[in-house]
Novice: 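Can you keep this structure in mind? I'll have questions shortly.
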There are 2 protein chains.
Amino acid sequence: MAEDQLSVLFAALADPTRRAILARLAEGEATVNELAEPFEISLQAISRHLKVLERAGLISRGKDAQYRPCRLEAEPLGTASAWLDQYRAYWEDRFDRLAAHLERLQKGSG
Amino acid sequence: MAEDQLSVLFAALADPTRRAILARLAEGEATVNELAEPFEISLQAISRHLKVLERAGLISRGKDAQYRPCRLEAEPLGTASAWLDQYRAYWEDRFDRLAAHLERLQKGSG
DNA sequence: ATATTGTTCAACCAATTCGTTGAGTACAGG
DNA sequence: CCTGTACTCAACGAATTGGTTGAACAATAT
């Protein structure tokens with residue numbers, strides 16, 4: 001299962017081919033063939049990666065004759081970033097002490 | 001395949017149970033049993049989720065008698081956040097126009 | 001010694017994922 | 001109309017995932 005937005009999103013980002021596609025789209029729209037060109041895998045495989053990205057809301061697709069230009073839709077990345085920000089204090093050095101402190105507090109419970 | 005750091009990391013974050021475990025650990029160390037308590041799934045399933053989180057570098061585990069206290073290790077979240085920051089310009093409104101502009105630039109190629 | 005508690009390992013199953021190939025569908029142009 | 005180009009759908013296989021149960025093992029308590 002796991003159909004929530006964040007799960008679908010992170011799952012989409014968990015594949016290096018898909019991340020490479022996003023990087024390419026950051027430079028501008030591209031057709032499926034253009035996106036497939038740098039990879040060794042079949043066009044069909046790319047087509048399915050695009051479907052995953054679309055389901056995650058990370059791309060949208062247009063229709064221009066027989067072309068299906070893809071466009072980056074970055075909002076979900078903002079959502080992911082916001083989620084990660086919950087933990088920012090835990091990875092930024094200045095808060096390491098705070099985290100350790102909170103930990104000890106709740107362990108000793110008094 | 002896909003054994004790179006980022007892929008393993010995002011894959012670890014793609015499961016809601018694992019994200020819930022991280023949220024719990026943000027409040028402090030916890031044993032496997034403590035972590036399992038809120039969930040309906042077996043202890044073994046939790047144990048495997050912890051293994052995934054550990055492989056992603058998101059937790060570390062201690063040894064206290066028969067207990068294996070887990071601790072949040074947030075640095076990888078910082079890595080993920082840094083990766084996302086590449087795209088920040090694309091989801092922040094003030095840059096939407098820039099993105100669209102870049103797109104048009106490269107399409108027209110002149 | 002034995003039992004109990006905390007945790008992991010191993011085998012298994014169902015569902016999903018990521019690739020393949022082969023067969024469509026949709027549009028453009030001679 | 002027929003061909004070529006762009007793309008998607010469907011069927012398939014191998015690998016992975018996320019759950020299960022049953023058996024281990026380690027440390028504590030009796």
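Convention: sequence-line order gives letters A, B, ...; per-chain numbering from 1.
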Novice: When every nucleotide of nucleotides 24-30 of chain D is labelled 5' to 3' by its protein contacts under 4.0 Å (heavy atoms), B for base, S for sugar-phosphate only, - for none, what sequence of letters results?
Specialist: ---SS--
Novice: Taking the side chain as everything from C-beta on, heavy atoms only, tell me whether B:Thr31 gets closer than 4.5 Å to B:Asp64.
Specialist: no
Novice: Is there a donor-acceptor pair closer than 3.5 Å between any side-chain N or O of A:Tyr87 and the backbone N or O of B:Ala23?
Specialist: yes
Novice: Sequence neighbours excluded and cut-off under 3.5 Å, please list the side-chain donor-acceptor pairs for residues 35-50 of chain A, or say none.
Specialist:
residue : atom : partner : partner atom : Å
A:Ser42 : OG   : A:Ala45 : N            : 3.1
A:His49 : ND1  : A:Arg18 : NH1          : 3.1

Novice: Mind grabbing the angle between the end helix axes of the helix from C:dA1-D:dT30 to C:dG30-D:dC1? Five pairs an end, 10° rounding.
Specialist: 0°
Novice: Name all residues meeting the side chain to side chain contact (heavy atoms under 4.5 Å, CB included) criterion together with B:Gln5; count only those two or more places apart in sequence or in a different chain, and write none if there are none.
Specialist: B:Leu9, B:Pro76
Novice: How many whole angstroms separate atom CD of B:Glu54 from atom P of C:dT7?
Specialist: 14 Å
Novice: Output all residues satisfying side-chain hydrogen bond (donor to acceptor under 3.5 Å, both in side chains) with B:Ser81, sequence neighbours left out; order by chain, then residue number.
Specialist: A:Arg88
Novice: Round to the nearest Å and state the distance from A:Leu13 atom CG to C:dC18 atom P.
Specialist: 12 Å
Novice: Write down the distance between CG (A:Asp15) and P (C:dT17), rounded to a whole number of angstrom.
Specialist: 11 Å
Novice: Is the side chain of B:Ser7 donor-acceptor paired with the backbone N or O of A:Ala14 at a distance under 3.5 Å, no angle test?
Specialist: yes
Novice: At a heavy-atom distance below 4.0 Å, what parts of residues 35-51 of chain B sit against DNA chain C?
Specialist: B:Leu43, B:Gln44, B:Ser47, B:Lys51
Novice: Return the set of residues passing side chain to side chain contact (heavy atoms under 4.5 Å, CB included) with B:Glu54 (not counting sequence neighbours), or none when no residue passes.
Specialist: B:Ile59, B:Arg61
Novice: B:Arg68: which residues meet the salt bridge (Lys or Arg N to Asp or Glu O under 4.0 Å) condition with it, sequence neighbours left out?
Specialist: none
Novice: When the distance from CZ of B:Phe10 to C1' of C:dT17 is rounded to whole Å, what number comes out?
Specialist: 18 Å
Novice: Please work out whether the ring planes of A:Trp83 and A:Phe10 are parallel, tilted or perpendicular, with thresholds of 30° and 60°.
Specialist: perpendicular
Novice: Report yes if the side chains of B:Asp4 and A:Arg19 come closer than 4.5 Å at any heavy-atom pair, otherwise no.
Specialist: yes
Novice: Side-chain N or O of A:Asn33 versus OP1/OP2 of D:dC7: is the shortest distance under 4.0 Å?
Specialist: yes
Novice: Would you say A:Leu77 and B:Tyr90 make side-chain contact, with heavy atoms under 4.5 Å?
Specialist: no
